[in-house]
Structures are given as structure tokens and as C-alpha cells.
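Worksheet: the structure to be examined is printed underneath.
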Amino acid sequence: MIRLQTPLPERYTTATVDENHARIETAKATLGERLFVLGHHYQRDEVMRWADARGDSYRLSVLAQERPEAEFIVFCGVHFMAESADVLTDDHQQVILPDLNAGCSMADMADLDEVEEAWEALATVIDIEQVVPITYMNSSAALKSFVGQHGGAVCTSTNARAILEWALTKDAAPVPDLSVADAEVATIVADARARGRKVLFFPDQHLGRNTGIAMGFAHDDMRVWNPRFELGGLTEADCKEATFLLWKGHCSVHQRFRPEHVEAFRAEHPEGLVVVHPECAHDVCAVADQVGSTDYIIKAVAAAPPGATIAVGTEIHLVQRLADETPDKTVVSLDPLICPCSTMFRIDAAHLAWVLENLVEGTVVNQIHVDADTRHWARVALQRMLDITAAAPDPSPSLQAPRRPTGD
Ligand code: SF4
């Protein structure tokens, strides 16, 4: 992806943080209800203090959609998040990313050309009608549009399990007399294998793998699709046998966490709790106490008893904020070495002041605009996700049953 952030004028780069804060405060007051500033959980505090709403990427986009009076949505996050907000908001709303260089390394690991090539290659060896493409929220609008056009859906780390269960069972004959959850899971697994139903999941292999395993599938049901190689580096038999074709992508922040970090934390804090994000590798999730999305992690920390020590496996700004806002508990990063999202970190008070003062002067800089066709199909994929999640009997925020529930 080409990004074209122009250098900021000197008056912002040479200003103190306090001077830029004063500019932001004045600009926000001037723009009033016309402006809505969104702050992703992983943003630094000097930006977060100006956010009108905090949340994960999907929740923030929905909040923007629910604010039609806001003409300007300033998304303090990364590029794919601003695209999603543009897809979901009305035409009269303009979405702005304070630094165009704020991308997501994971989202950039799958582009439309590569996914289209993968789709065509798979069609030569398996029944492509049995393949449902699922893209993680952390992907470009072009990929969301692709899955919308090909009968798939978007998922978040919160609802990945409900979306994958839908993908593997859609168009299947109803299963009679299922009354216990285990029987249901076993049936989904057996039925998907028997019918040759498959999911092409991109761009994060870890979320796909962790969710599939939580559903009862085995590692043998999964293959990693490497877009650098012909047929993803797989054999025809691999493609036929796999239920999950997992794109070779990952989050550079979450892949840093290792099982050794869990071991070291437990050696020091035998009663401590380990909560990690499902973008972590499976060997980490397998030994953590709880696995869930950023919203789940926030709830898990809140639910822990006073005095608890909790190691969190996610981006450091969220961990530090949880530590600051939960003084009756000890919240630490699972990795003692700091692991920030370096692209999210590009957005600072200077960039925020720059875009807001431009808006006050009537100039929209750094608008993120998704073309009408891409937007239409991306909305189809997002709407499918909403419909599936709304219909799920228990759209649990937890990826899997906690091995060690909060409070134990
Ligand atoms: S934390 Fe990882 S997935 Fe999230 S925006 Fe940063 S690089 Fe992308």
C-alpha cells in the first residue's frame, strides 16, 4: 500500500506537547458536534485524552455510524480502521486518519491480487463452491469487498467463532436433536469434513487457528497458505484434506509473546492470571488462563479480585492504561520488553492538532475514501457478520472456556 503522508508544518513539529494540546482543545471546541474523535485502545495517552470514544476497530466504526451529526470522523487508529468507518458511515461524513503512514503490518500481509490468485488456484484443485472466504476486521476494504462478493463475511476477534461456525454449516441440512454443546461441536467438525466444506481465512493465521482449535478441530484440519508460493506452497491433497486454509499472516506485536513468558510469570506469581489476545500464537494461547479480544481482556481485568496480579498479552498502551486505571490490581505486560504497535504510534498530538486546525480552516486533510463499489460489497460482508452474530445463541466474548476463570 502506498502511503503519502506529507511532512507536518514546523509549527507542529517544533511545538511542545502542551502547545499542541492547547491547539487541539481550541479546535475541538470550535468544531463542536461536527467532529467525532475516535481512539483505538492501542493509542498513546497524549492522543487518547482527546478521544470522544474508545474501543476496538469495529466498535468505533459503529459508533461513528451512530453519529450522523458528525461531519468529520477523526480516527486515531490505523488505515484499515478508517476505511471500515468510511464503509459504515453516511456519504456526508468524512473520515480522516491523522497520519497516512499509520498502517497495519498484518493487514498489509494480504492484498486483493494475492487473494484473487489464491481463489483462482484453489478453484483448479477443489470445489470452490465449498470454500467460504472469511476476512478478519484487520484487512483492507478491498478484501472485505472480496468476501462480500464471494459469499463470505468479516469477523472480529470477539465473534470469530460464531462466524466460522456459520461458514462451516451454511447450506448444510439441519442437524436433528442436538441438545448438548459438545454434540453440536462434534457434528460441525464431522459434517464439515464429510462435505469438504472449507474456510479460506485471512490475513491472521493465529486467530483462525486458535478459533478452529477452540471449536474442536485439530491441527491436521489446517494448512497454512503462503501466497509467495504456487498453490500456497501446498499439494493438491493438502487443499482437499484441509478444512481451514489459513493465510500466512500475523500481527508483529502479538507474535512476540512466547510460552516462556507465561512460564516466567507463573514462576514469579504462582497465583497470577494470564490473559492473552487470540492474535498470539497457539502455543501461547494453549498455556494462558484466558484468551479473548481487547474488550474481553478489559472485562477480565475488571472482573479479577482486588490484589490480583494479571499478565496481559496484548499491545503495551492498553496494558499500561489498564494498570493505571486499575490501581487495586497489578497489571503487567506478559512480555517484559515493551511491545508497542509502531504504526499506531505514529499518531501523536502534533498530527491530531494539524488535522483539526485544518478542519477549522475548512480544509479536509488525510481523508480516507473507499470507492462506491468496494464500499457496497464490504458493507455486504460486514452486514453478514452482524446478522450472524445477532442470530448466534451465545455470541460469547470469550474465544474458549477459560482454563482458569477470573477469581479462582
Ligand atoms: S497491533 Fe497488530 S494487528 Fe493491531 S494494528 Fe498493530 S500491527 Fe495491526
Side-chain angles (χ1 to χ4, degrees), residues 1 3 5 38-45 47-48 51 54-61 75-86 95 97-111 134-144 154-160 201-211 246-258 261 275-282 284-285 291-298 312-322 333-335 337-348 351 368 399:
M1 179 181 299
R3 300 194 177 93
Q5 180 60 51
L38 304 175
H40 188 271
H41 287 308
Y42 298 164
Q43 279 295 341
R44 52 169 108 195
D45 286 348
V47 170
M48 257 342 216
R54 297 179 187 182
D56 61 22
S57 58
Y58 180 68
R59 172 153 175 72
L60 290 175
S61 295
F75 207 131
C76 300
V78 294
H79 195 272
F80 78 81
M81 300 177 188
E83 278 192 334
S84 298
D86 189 55
V95 178
L97 183 65
D99 185 333
L100 292 180
N101 291 337
C104 164
S105 55
M106 177 204 285
D108 290 349
M109 287 176 192
D111 69 26
I134 301 292
T135 192
Y136 188 21
M137 191 73 186
N138 301 20
S139 61
S140 67
L143 290 195
K144 294 182 177 83
V154 178
C155 77
T156 68
S157 51
T158 297
N159 63 24
F201 188 92
F202 39 82
D204 183 24
Q205 60 171 301
H206 300 300
L207 179 64
R209 182 178 297 109
N210 287 324
T211 309
L246 305 173
W247 198 266
K248 190 174 167 57
H250 63 265
C251 166
S252 49
V253 175
H254 290 95
Q255 77 156 8
R256 290 176 53 103
F257 298 105
R258 304 295 318 137
H261 294 135
V275 187
V276 303
H277 194 280
E279 288 172 21
C280 295
H282 182 67
V284 178
C285 294
V291 182
S293 62
T294 47
D295 274 353
Y296 180 83
I297 290 170
I298 292 166
V312 177
T314 194
E315 205 271 349
I316 191 66
H317 288 92
L318 175 58
V319 179
Q320 282 175 343
R321 196 166 301 117
L322 286 169
S333 172
L334 181 58
D335 179 354
L337 297 175
I338 284 182
C339 44
C341 175
S342 56
T343 47
M344 192 91 68
F345 196 64
R346 298 189 69 93
I347 294 177
D348 56 10
H351 285 84
I368 302 298
L399 178 62

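Whatever order the structure lists ligands and atoms in, that order sets their numbers, starting from 1.
Across every non-hydrogen atom of Ala107 and Phe80, the tightest pair is CB-CD2, 4.1 Å. Annotation for Phe75 and Ser61: closest pair CE1-OG, 4.0 Å, computed over non-hydrogen atoms. For the residue pair His351 and Pro98, the shortest heavy atom distance occurs at CD2-O, 3.4 Å.
Atom 6 (Fe) of ligand 1 has an N, O or S atom of Cys341 inside 2.8 Å of it. Distance check for Cys104 against atom 8 (Fe) of ligand 1: an N/O/S atom falls below 2.8 Å.
Donor-acceptor pairing under 3.5 Å is recorded for the side chains of Ser105 and Ser252.
Protein heavy atom at the shortest distance from atom 4 (Fe) of ligand 1 is Tyr42 CE1, 4.0 Å. At the top of the distance list for atom 7 (S) of ligand 1, counting protein heavy atoms only, stands Ser105 OG, 3.6 Å.
Close approach of ligand 1 to Cys251 (heavy-atom distance below 4.0 Å) involves ligand atoms 1 (S), 2 (Fe), 3 (S). Under a 4.0 Å criterion applied to the non-hydrogen atoms of Asn138, ligand 1 contributes the atoms 3 (S). Applying the 4.0 Å criterion to heavy atoms of Glu279 picks out, from ligand 1, the atoms 3 (S).
Of the residues Ile134, Leu143, Asn138, the one that meets the side chain to side chain contact (heavy atoms under 4.5 Å, CB included) test with Phe202 is Leu143.
Counting heavy-atom neighbours within 6.0 Å of Arg256 CZ, excluding the residue itself, gives a total above 12.
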